[in-house]
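Data first, discussion second: the structure below is written as structure tokens.
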Amino acid sequence: QVQLVESGGGLVQPGGSLRLSCAASGSIPNIYALGWYRQAPGKQRELVAGVTTTGIKSYGDSVKGRFTISTDNAKEVYLQMNSLKPEDTAIYYCNAMNTIGYNYWGQGTQVTVSS
């Protein structure tokens, strides 16, 4: 009974920063990766950043150089977001994937970048 809970979203001005956190309420069996996805209005859900248990990190093209993903013993995952742009506005979802491709999802946290 794994649950992922996100926090840290909110309203920020363009150029500002936010740090998202995600914590697992229970042990994630056979975890392979942790990550963040986002979905903007009218858009498909897209990968923002991910990290495997071996430390391999991936970033979406639109956030490379601005966002950084980090983890704490594969139980918590963080997303440091810098130089935020209005186009970063979306609901951000925490994700965990096990070694057979099963995904766990958080409920999402809203990030709004606006003056």
Side-chain angles (χ1 to χ4, degrees):
Q1 295 184 346
V2 175
Q3 287 187 301
L4 304 176
V5 181
E6 305 97 333
S7 62
L11 175 65
V12 65
Q13 293 186 342
S17 298
L18 283 174
R19 183 175 174 87
L20 305 183
S21 299
C22 174
S25 63
S27 177
I28 303 174
N30 306 117
I31 187 169
Y32 172 70
L34 290 165
W36 293 91
Y37 288 72
R38 69 185 182 188
Q39 188 166 22
K43 303 292 185 180
Q44 294 293 111
R45 186 174 296 188
E46 64 176 349
L47 173 70
V48 177
V51 58
T52 68
T53 54
T54 57
I56 305 300
K57 296 180 179 180
S58 299
Y59 295 94
D61 289 341
S62 64
V63 307
K64 289 180 179 177
R66 299 187 298 120
F67 292 8
T68 303
I69 190 169
S70 60
T71 61
D72 180 12
N73 296 319
K75 297 294 182 63
E76 299 180 31
V77 60
Y78 310 93
L79 184 69
Q80 179 66 46
M81 304 186 293
N82 298 326
S83 302
L84 283 161
K85 305 174 181 179
E87 50 263 46
D88 294 318
T89 296
I91 300 174
Y92 285 70
Y93 297 91
C94 181
N95 167 266
M97 187 174 72
N98 71 11
T99 53
I100 60 171
Y102 183 86
N103 287 287
Y104 303 84
W105 295 97
Q107 294 185 41
T109 185
Q110 178 70 48
V111 172
T112 302
V113 185
S114 179
S115 298

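These numbers come from a predicted model, not from an experiment. Note that the numbering runs from 1 along the sequence shown for the chain.
P86 is not listed as a side-chain neighbour of S114, based on a closest heavy-atom distance of 4.5 Å or more. The shortest distance between side-chain heavy atoms of L20 and M81 falls below 4.5 Å. Contact check for P29 versus V2: side-chain heavy atoms found under the 4.5 Å cut-off.
Using a 3.5 Å distance cut-off with no hydrogens or angles, the side chains of N82 and S17 do pair a donor with an acceptor. For Y78 and Q80, the side-chain atoms include no donor-acceptor pair closer than 3.5 Å.
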**Item:** Verdict with reasoning, Q107 to V5, per side chain to side chain contact (heavy atoms under 4.5 Å, CB included)
**Value:** CA-CA 7 Å; Q107 294 185 41; V5 181; over 6 Å; no
Exercise. Start with the C-alpha distance between N95 and L34, add both sets of side-chain angles, then the distance that settles side chain to side chain contact (heavy atoms under 4.5 Å, CB included), and finish with yes or no.
Key: CA-CA 6 Å; N95 167 266; L34 290 165; over 6 Å; no
Original post:
Does the pair Y92 and Q110 meet the rule for a side chain to side chain contact (heavy atoms under 4.5 Å, CB included), with working shown?
Top reply: CA-CA 6 Å; Y92 285 70; Q110 178 70 48; over 6 Å; no
Chi angles and distances behind the side chain to side chain contact (heavy atoms under 4.5 Å, CB included) call for I100, N30
CA-CA 8 Å; I100 60 171; N30 306 117; over 6 Å; no
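A continuous path of hydrophobic side-chain contacts links V77 to L18 [ILVMFWY only; heavy atoms under 4.5 Å]. Linking Ile, Leu, Val, Met, Phe, Trp and Tyr whenever their side-chain heavy atoms come within less than 4.5 Å leaves Y93 and I28 in two separate clusters. Cluster annotation: L84 and L47 are assigned to distinct hydrophobic clusters (Ile/Leu/Val/Met/Phe/Trp/Tyr, side-chain heavy-atom contacts under 4.5 Å, transitive). One hydrophobic cluster, built from ILVMFWY side chains closer than 4.5 Å, holds both V51 and V63. F67 is connected to V12 through a chain of hydrophobic side-chain contacts under 4.5 Å among Ile, Leu, Val, Met, Phe, Trp and Tyr, so both are in one cluster.
In this structure, OG1 on T52 lies 10.0 Å from CD1 on I31, to the nearest 0.5 angstrom.
Here the side chain of D72 pairs no donor or acceptor atom with the backbone of E76 at under 3.5 angstrom. For the pair R66 (side chain) and S83 (backbone), a donor-acceptor distance under 3.5 Å is present. Side-chain atoms of T89 come within 3.5 Å of backbone N or O of V113 as a donor-acceptor pair.
R19 approaches S70 most closely through the heavy-atom pair NH2-OG, 4.0 Å. Across all non-hydrogen atoms, the minimal contact from C22 to L4 is SG-CB, 3.8 Å. Contact record, I69 with Y59: N-OH, 3.0 Å, taken as the closest heavy-atom pair.
Contacts classified as ring-ring contact (aromatic ring centres under 6.0 Å, His included) and involving residues 3-46 (residues at least two apart or in different chains) are given here: Y37-W105. Pairs engaging residues 26-44 under the salt bridge (Lys or Arg N to Asp or Glu O under 4.0 Å) rule: R38-E46, R38-D88 [sequence neighbours left out].
Within a 6.0 Å radius of CD in E87, other residues, nucleotides and ligands contribute more than 12 heavy atoms.
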